[in-house]
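Here is how names work: the chains are called A, B, and so on, in the same order as the sequence lines, proteins then strands, and each is numbered from 1.
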Protein chains: 2
Amino acid sequence: MAANIRDIARAAGVSVSTVSKALNEYPSVNAETREKVLRIARELRYEPNAAARALVGQRSMTLGVFLTTGLAHPFFASLLGGIDRALREKGYDLIYLSQARLGPEYSLVRHCRTRNVEGVLAFGLQDTDLSFAELAEAELPAVFIDLDIKGSRIGMVTSDNAQAIREAVGRLHALGHRRIAYVAGLAGTYVEKLRKRGFRQGLEDHGLAERPEYVVGDDFTQASGYEAMQRLLALVERPTAVVCCSDLSALGAMQAAAERGLSVPGDISVVGFDDIEAARAGRPALTTIRQDMPGMGYAAVALLDRLITEEPGSRSEADRRIVLPTEWVSRDSCGPAATADR
Amino acid sequence: MAANIRDIARAAGVSVSTVSKALNEYPSVNAETREKVLRIARELRYEPNAAARALVGQRSMTLGVFLTTGLAHPFFASLLGGIDRALREKGYDLIYLSQARLGPEYSLVRHCRTRNVEGVLAFGLQDTDLSFAELAEAELPAVFIDLDIKGSRIGMVTSDNAQAIREAVGRLHALGHRRIAYVAGLAGTYVEKLRKRGFRQGLEDHGLAERPEYVVGDDFTQASGYEAMQRLLALVERPTAVVCCSDLSALGAMQAAAERGLSVPGDISVVGFDDIEAARAGRPALTTIRQDMPGMGYAAVALLDRLITEEPGSRSEADRRIVLPTEWVSRDSCGPAATADR
DNA sequence: TTGAAAGCGCTAACAG
DNA sequence: CTGTTAGCGCTTTCAA
């Protein structure tokens with residue numbers, strides 16, 4: 001029942017190759033012929049068959065997406081928004097690549113080959129996954145989000161994590177804070193490494209010494225933030241401001257402060273990271289560092305497209321890394337340091 | 001460089017059709033021949049070409065997934081876990097269908113046709129989306145999660161929402177609660193309709209009258225729960241227990257109670273719905289109703305597979321609806337009603 | 001039990 | 001500017 005190119009050719013009284021050319025906007029087709037073909041295609045509700053196109057050896061226009069921590073990320077939805085937009089603009093479709101290996105014989109690269117996947121988008125925190133090495137080896141173009149993987153056809157998109165935290169420290173300093181703590185995220189992850197680095201740079205910028213007891217936390221979760229804050233509040237000389245690696249941990253931290261009877265930002269200021277929905281809903285509303293998730297998604301697909309279509313090696317290592325700026329979102333969880341604490 | 005069926009045939013000294021049959025486990029091939037073919041296929045790292053398979057007119061083994069509210073759902077990750085498992089078991093791949101219409105000419109069904117999608121999985125809250133009618137019309141098999149759509153090749157998977165809330169009311173009643181309120185979710189959604197119905201049934205079961213002022217809230221968000229609880233606490237005769245439509249709204253409700261200086265569960269008991277991660281992390285840890293998200297995902301794919309492979313009309317309306325049981329998760333936010341309040 | 005051949009829908013030489 | 005033809009990789013009659 002579905003019309004194909006031959007049906008159109010017959011109805012239009014031209015050859016299939018002419019139809020193909022008309023449909024693909026070849027310049028060599030007579031304007032009238034093209035219009036006629038296009039009109040008939042519409043009438044017949046013609047839809048090109050992607051499988052046939054892929055088979056004939058050209059592009060499959062298929063990208064794969066591989067998620068490690070993936071969807072648990074509270075802002076994956078916004079990432080996807082940007083990915084989606086870029087996908088449409090470039091004409092790609094996205095296929096989901098399972099992270100659940102059923103049996104050791106499963107291979108990401110083989111899966112991609114079978115489905116004619118032209119490039120893969122990977123997202124997550126763990127870079128320990130073996131598949132990544134496999135990807136690089138296979139020369140399959142790939143773009144990682146927040147993951148530091150190298151390879152000739154591998155790109156990366158991330159936020160300017162270090163700069164963001166560094167700036168946060170600066171802003172707290174400007175508010176009079178001198179005892180600034182950092183609630184760290186999962187050790188070993190790329191973003192955590194940079195955020196911690198940014199924290200140190202921020203302290204340095206203002207001649208503040210780093211105190212080991214002011215660096216706590218070991219995960220991006222709410223629970224980690226909660227416990228971290230408890231430890232901070234048990235200190236003899238407690239911090240007046242806390243920069244957190246994530247909104248979730250900041251929320252946990254605020255919870256701990258509230259239980260302790262401390263007011264935020266009256267007694268202690270708190271800064272988050274990400275700007276998830278709950279940041280706005282929290283009491284007090286969380287001051288945080290917004291990542292441009294849609295922008296990252298969009299940039300990732302655009303970069304992947306370039307990696308696929310350009311000559312391998314035509315862009316430099318640096319040229320395959322995209323670092324997006326973050327945005328300081330001032331809400332209610334930060335305030336001036338109490339004067340007694342200065 | 002990628003080996004194809006002809007390469008195998010050549011290397012094995014047999015015909016391509018024999019190779020095809022061996023690869024597809026036709027019984028008519030000689031055991032020795034089959035072994036030889038399989039061995040060579042492995043040596044050559046042969047991977048079947050999905051496009052060619054789809055083209056030759058058989059199954060494409062491709063499912064589409066369409067998300068409305070989709071990924072914003074905090075537990076979409078667990079849903080996906082179940083989907084993933086079923087996908088592998090049945091041999092399907094999943095392609096992401098954009099919800100972002102670029103221009104009015106985009107059509108979900110056409111997209112599916114182009115990509116040879118055999119069936120679609122849809123998830124979300126809004127059933128107002130026009131594409132759904134289009135799906136039913138096109139006779140494209142589809143399974144909806146938490147969405148009440150009907151059609152001859154359309155199925156649905158959901159939790160037993162009504163029963164879950166009804167049971168929650170019963171449990172609160174058993175704890176001595178008589179003034180039980182309900183924090184409702186987004187009006188007009190399928191799950192909300194059933195949860196509210198369950199609440200009423202629960203009250204009826206125990207001869208409790210429904211008080212209009214005890215039904216508040218209008219969304220599944222934390223903000224909605226927060227405001228709802230504020231209204232509840234402003235009442236002259238405030239409830240001693242609150243059943244919430246979601247964990248998020250329950251968390252918001254607890255926040256409001258805490259701000260008001262009320263203890264949970266000492267002064268007021270709170271029940272959530274979903275069992276998201278934050279439920280466990282909350283203080284007090286939230287007593288809630290767990291939905292079997294992986295189970296729903298798995299069931300959805302399995303049902304879709306049946307809808308695709310079985311004769312249309314071979315299963316009854318009721319047979320196309322799968323309702324999964326929920327589980328009561330007792331944590332710390334519920335306690336006996338204060339005796340004075342009985 | 002095996003093989004030859006046709007053809008799925010499309011694109012791309014090449015010839016006219 | 002248009003048409004003829006070959007062929008992408010695979011499955012499936014049909015005949016041997």
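- You'll find the side chain of A:V14 stays beyond 4.5 Å of the side chain of A:I8, heavy atoms only.
- The interatomic distance linking A:E32 (CD) with D:dC1 (P) rounds to 11 Å, in whole Å.
- Atom P of nucleotide D:dG9 and atom CZ of A:R113 are separated by 12 Å, given to the nearest angstrom.
- Shown here for A:I5 and A:Y46, the closest heavy-atom pair between the two residues is N-CE1, 3.7 Å.
- A salt bridge does not link A:K36 to A:E32: none of the charged nitrogens lies less than 4.0 Å from a carboxylate oxygen.
- Closest to the side chain of B:L55, out of D:dC8, C:dC8, C:dT2, is C:dC8.
- In this structure, A:N30 atom CG and D:dG3 atom C1' are separated by 15 Å, rounded to whole Å.
- Salt bridge present: B:R110 and A:E47 bring a charged side-chain N and a carboxylate O closer than 4.0 Å.
- Spacing between atom CG of A:N116 and atom P of D:dG9 amounts to 10 Å, rounded to whole angstrom units.
- Rounded to 10 degrees, the angle separating the terminal helix axes of the helix from C:dT1-D:dA16 to C:dG16-D:dC1, each built from five base pairs, is 40°.
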Pairwise N/O distances under 3.5 Å, protein to nucleotides 10-12 of chain C:
unit_1	atom_1	unit_2	atom_2	d
C:dC10	OP1	A:Y46	OH	2.4
C:dC10	OP1	A:N49	N	3.3
C:dC10	OP2	A:I5	N	2.5
C:dT11	OP1	A:N24	ND2	3.3
C:dT11	OP1	A:R53	NE	2.7
C:dT11	OP1	A:R53	NH2	3.4
C:dT11	OP2	A:S20	OG	2.9
C:dT11	OP2	A:N24	ND2	3.4
C:dA12	OP2	A:Y26	OH	2.5

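- Residues forming a side-chain hydrogen bond (donor to acceptor under 3.5 Å, both in side chains) with B:D93 (at least two apart in sequence, or on another chain): A:H111, A:R115.
- Atom CD1 of B:I154 is separated from atom CG of B:L307 by 8.0 Å, given to the nearest 0.5 angstrom.
- Between B:K150 and B:D148, at least one side-chain N (NZ, or NE/NH1/NH2) sits under 4.0 Å from a carboxylate O, which counts as a salt bridge.
- To the nearest angstrom, P of C:dG9 lies 13 Å from CG of A:L44.
- Looking at B:R39 and B:E35, their side chains never come closer than 4.5 Å, going by heavy atoms from C-beta outward.
- Rounded to an integer number of Å, the gap from A:E35 CD to D:dC1 P is 14 Å.
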